[in-house]
Amino acid sequence: MKRTHHCNELRPENLGQTVSLTGWVHSRRDLGGVIFIDIRDREGRTQTVFDPSDLPRELFDQAAALRSECVVRVTGQVRVRPAGTVNSKIPTGEIEVAASNLEVLNIADVLPFPVDDPEVASKVNEELRLKYRYLDLRRPEMARNLRLRSKVATATRFFMDQQGFLEVETPTLFKSTPEGAREFLVPSRINPGQFYALPQSPQQFKQILMVAGIERYFQIARCYRDEDLRADRQPEFTQVDIEMSFIDREDIYALIEGLLKTVWKTALNIDLQAPFKRISFDEALNRYGIDKPDTRFGMELVDFTEEFRTSTFKVFSGTVANGGVVKAINAKGLACATQGQLDAMTETAKGFGAKGLAFIKVEGGDWKSPIVKFFGEAEKAALTKKLAIEEGDLILFAADQWLNACEILGKIRLYCAEILKNQGKLVIPANRFDFLWVIDFPLLSFDKEQNRWYSSHHPFTAPVEEDAGFLKTDPKRVRGQHYDIVVNGVELGGGSIRIHNRELQKTVFEEVLQIPPEETQLRFGYMLEAFKYGAPPHGGIALGFDRMIAILCGTSSIRDVIAFPKTAKGTCLMTDSPSAVSPRQLRDLHIELKAKKENPPAAV
RNA sequence: GGGGGCGUAGCUCAAUUGGUUAGAGCGCUGCCCUGUCACGGCAGAGGUUACGGGUUCGAGCCCCGCCGCUCCCGCCA
């Protein structure tokens, strides 16, 4: 070994030992006579001292010439720092290594951005960080994220093993099953004109594994979706993928609660309280206007449909007459909202097809609002009571069909919470995690444009047993055995109990979803066939691993917990991918390009 | 596909709203400095204001286009 200790190891107990440290030059303080060099490695940093009275001139000059991030090996004696020079900011701050030898293992050019200053480095343009990702990852903050990710992956594997699960790898060269997310395609050289698809998830394989009698499967699986990116979405991402046989929903809830308790304990030393709360899809929409509610704060939606059914304010009563609802939220203390903020909220509402956004500012004892003149006394009294209106409040209304009205206010609720947080009026402790299960989703949703039903989750989701009889007669009222796990307004994962009966699965494909039998056969024939030979009842779930790590690390972008992420346009700035390929490669793959060429590489 | 934000020195930002030679801190280079840890001091180098057009006597600033990064909508069974 080139070193005897790592850079976060030496303490006063090591006094007098001759040690060797290896690492990067974190910072150098040249006082002319004496030089201090902090050596940093993965574990931490240690101060080394170069004193000219103890050293050959040449060695001292070499130390003086070192730049940030040069790679060195320093040998010397551990000594306790002189009184008054202890650095309490670092764990090794009581000691230093009096260098007797210096080996420069590699010199470093001047860096494109600093890695030693967390203040500056965290503000550096992400473009630059991605291009020089290896430098970005040297920063202790980023190294911490990767380390936490690794620890959680290990804890997950250990927990799942203890619960009797087998980790089984499934193919990444899969078959195109164009349902749901757009797929990445991989042309086949050996089979001209044919393509693999990268899996959006191992969904079908894990169900087949249940038919195969594995009973308990899990995988920390890479998944691929060719959709537009977001702060929490990458084209390739990682799921903790799980499937079990002979179970009900309750078994999944218990398993995942156990897993998350273990993970939170491992990563943050936090004891989560289980069982988690459960909320139905309807209630989530009614109270929070979203199917992944952030319950760390109130501002819940309140229904005023009955109060405005006979109102003289036609905008509201008319909506009710058309089968719609009237809902409102009280953004406590936000009467100070600027016109710009109100405009932004109105735009949100309009984005959902609303004509505008009705509001009341409660300021100076007055209700300031363009619509309040239309309200009767009874209506005002009801608002005051049900919304607990006080001075300084901002009331916002949505009148629309139920789902739309809920979703409008759901978005506005989050927007208002963001403003209140920035104003310091809403404070949420960083270590608060509101977990909940969202259940009783509708199995099907209706696509007006295509005039057909589609699966809210995916077509393998089993209906709730007592609703199954309505599949053909009243699809709308059928609830799915689907569940989402949500924390702090983030969808961490979801899953369902699957259909294990071939006939029911065929009915869903062909009669409910109206997929032609030939197409069903083409896409899912092998699954239906597998189900002929004894498929056990089964169900599962997938957790977004990147999102989970981001939450644990307290970052809003999953790019901060992925070693080599892609940009919003799906490119890698470090390797400059995707890139053009040679005509030879294309010929092998039986592919001809129609897109105009950009910087074709030299023929290989 | 649509909308918003950003792009000025290696990095982070400024430039009095269209007016002299585009500045500061950090970093870098050189010199000085024996207890620093954001070391300190002195001096210096460093700019096609992303790129391409246009308006103007004059553009970092206004207009058009384009590229890149980012956030959101659509999309993500």
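Reckoned from all heavy atoms, side chains included, excluding hydrogens, waters and symmetry mates. Chain naming here is simple, since letters A, B, ... match the order of the sequence lines and numbering starts at 1 in each.
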Spacing of NZ belonging to A:K175 relative to CZ belonging to A:F205, to within rounding of 0.5 Å: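 Reported to 0.5 Å precision, the distance equals 10.5 Å.
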A:E491 with A:K292: basic N within carboxylate O range, under 4.0 Å: no
Salt-bridge present (A:R479, A:D282; N to O < 4.0 Å):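 The answer is no: the pair does not qualify as a salt bridge.
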CD/A:E510: more than 12 non-hydrogen atoms of other groups inside 6.0 Å: yes
Taking only N and O in the side chain of [X], is any of them less than 4.0 Å away from OP1 or OP2 of [N]?
X      : N      : answer
A:R559 : B:rC71 : yes
A:K131 : B:rG68 : no
A:S27  : B:rC37 : no
A:T571 : B:rC69 : yes
A:R67  : B:rU29 : yes
A:K569 : B:rC67 : no

Shortest side-chain distance from [X], nucleotide among [options]:
X      : options                : answer
A:R225 : B:rC69, B:rC76, B:rC73 : B:rC76
A:R45  : B:rU70, B:rC37, B:rC71 : B:rC37
A:D228 : B:rG1, B:rU70, B:rC76  : B:rG1
A:A181 : B:rC75, B:rU34, B:rC76 : B:rC76
A:E127 : B:rA38, B:rC33, B:rG68 : B:rG68
A:N87  : B:rC37, B:rU34, B:rC69 : B:rC37
A:T85  : B:rU34, B:rC37, B:rC28 : B:rC37

To the nearest Å, give me how far apart [atom1] ([X]) and [atom2] ([N]) are.
X      : N      : atom1 : atom2 : value
A:R230 : B:rG1  : CZ    : C1'   : 12 Å
A:E227 : B:rC73 : CD    : C1'   : 14 Å
A:R139 : B:rU12 : CZ    : P     : 12 Å
A:M574 : B:rC69 : CE    : P     : 15 Å
A:L31  : B:rU34 : CG    : P     : 8 Å
A:D232 : B:rC75 : CG    : P     : 16 Å
A:Q47  : B:rU36 : CD    : C1'   : 7 Å
A:D116 : B:rU12 : CG    : C1'   : 14 Å

Quick one: the side chain of [X] and the base of [N], do they pair up donor-acceptor inside 3.5 Å?
X      : N      : answer
A:E96  : B:rG35 : yes
A:R81  : B:rU36 : yes
A:R233 : B:rC76 : yes
A:R79  : B:rG35 : yes

Pair A:E418-A:K421, salt bridge (Lys or Arg N to Asp or Glu O under 4.0 Å): steps then yes or no: CA-CA 5 Å; A:E418 217 40 54; A:K421 266 189 241 170; 3.5 Å; yes
With both distances under 3.5 angstrom, what nucleotide forms a Watson-Crick or G-U wobble pair with [N]?
N      : value
B:rC6  : B:rG68
B:rA50 : none
B:rG74 : none

Donor-acceptor under 3.5 Å (A:Y196 side chain, A:L185 main chain): no
Check against salt bridge (Lys or Arg N to Asp or Glu O under 4.0 Å), A:R79 and A:E96: CA-CA 6 Å; A:R79 68 187 186 201; A:E96 63 192 8; 2.9 Å; yes
Ring centroid separation A:F524 to A:F460 under 6.0 Å: yes
Sub-6.0 Å ring centroid separation between A:F60 and A:F50: no
Short heteroatom pairs, N/O only, protein and nucleotides 6-11 of chain B, under 3.5 Å:
residue : atom : partner : partner atom : Å
B:rG10  : O2'  : A:P112  : O            : 2.7

